[in-house]
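First comes the structure, then the notes that go with it.
All heavy atoms count here, side chains included; hydrogens, waters and symmetry mates do not.
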Amino acid sequence: MRTASFVWVAAAVLVAAPAGRAGVYNTCEPFEDRLDPKYDESYHRHLLILRSIGMDQVQFDNPQRRRYMLLEALAAKADVSRFTV
C-alpha cells in the first residue's frame, strides 16, 4: 500500500515537472542569436541578420548565417539511409 502511493506521487511529480517550464528553449543556440533586451532599438539589425540567411551573397557575413550554411552543407552530405526514428 505504501509503495503504491509512493509510486503514484513520484509519477505525478515527474509528469507535472516539465509543465512548470512551459515554453520552447534551445540552450544549444549561442548568445548572439538571442534578442537584445531593448528589442525596439535593435529590431532592424536583427531583421537584416535573419533576412541574410536565405541570401546567396551578402556584403557582411554573420555568425548565424554561417552556422545555418554549415548545417545545410552537413545535411547534404548525410547518409539518410542510416537514419532511424
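Residue R45 holds its CZ atom at 10.0 Å from CG of N62, rounded to the nearest 0.5 Å. Expressed to the nearest 0.5 Å, how far OG of S52 lies from CZ of R66 amounts to 10.5 Å. Here R51 contributes atom CZ and R65 contributes atom CZ; the two are 13.5 Å apart, rounded to the nearest 0.5 Å. Residue M69 holds its CE atom at 10.5 Å from CD of Q64, rounded to the nearest 0.5 Å.
Considering L48, L47, I53 in turn, I53 is the only one that fulfils the side chain to side chain contact (heavy atoms under 4.5 Å, CB included) rule with L50.
Counted within 6.0 Å of CG on D56, heavy atoms from surrounding residues, nucleotides or ligands total 12 or fewer; the atom is thus considered open.
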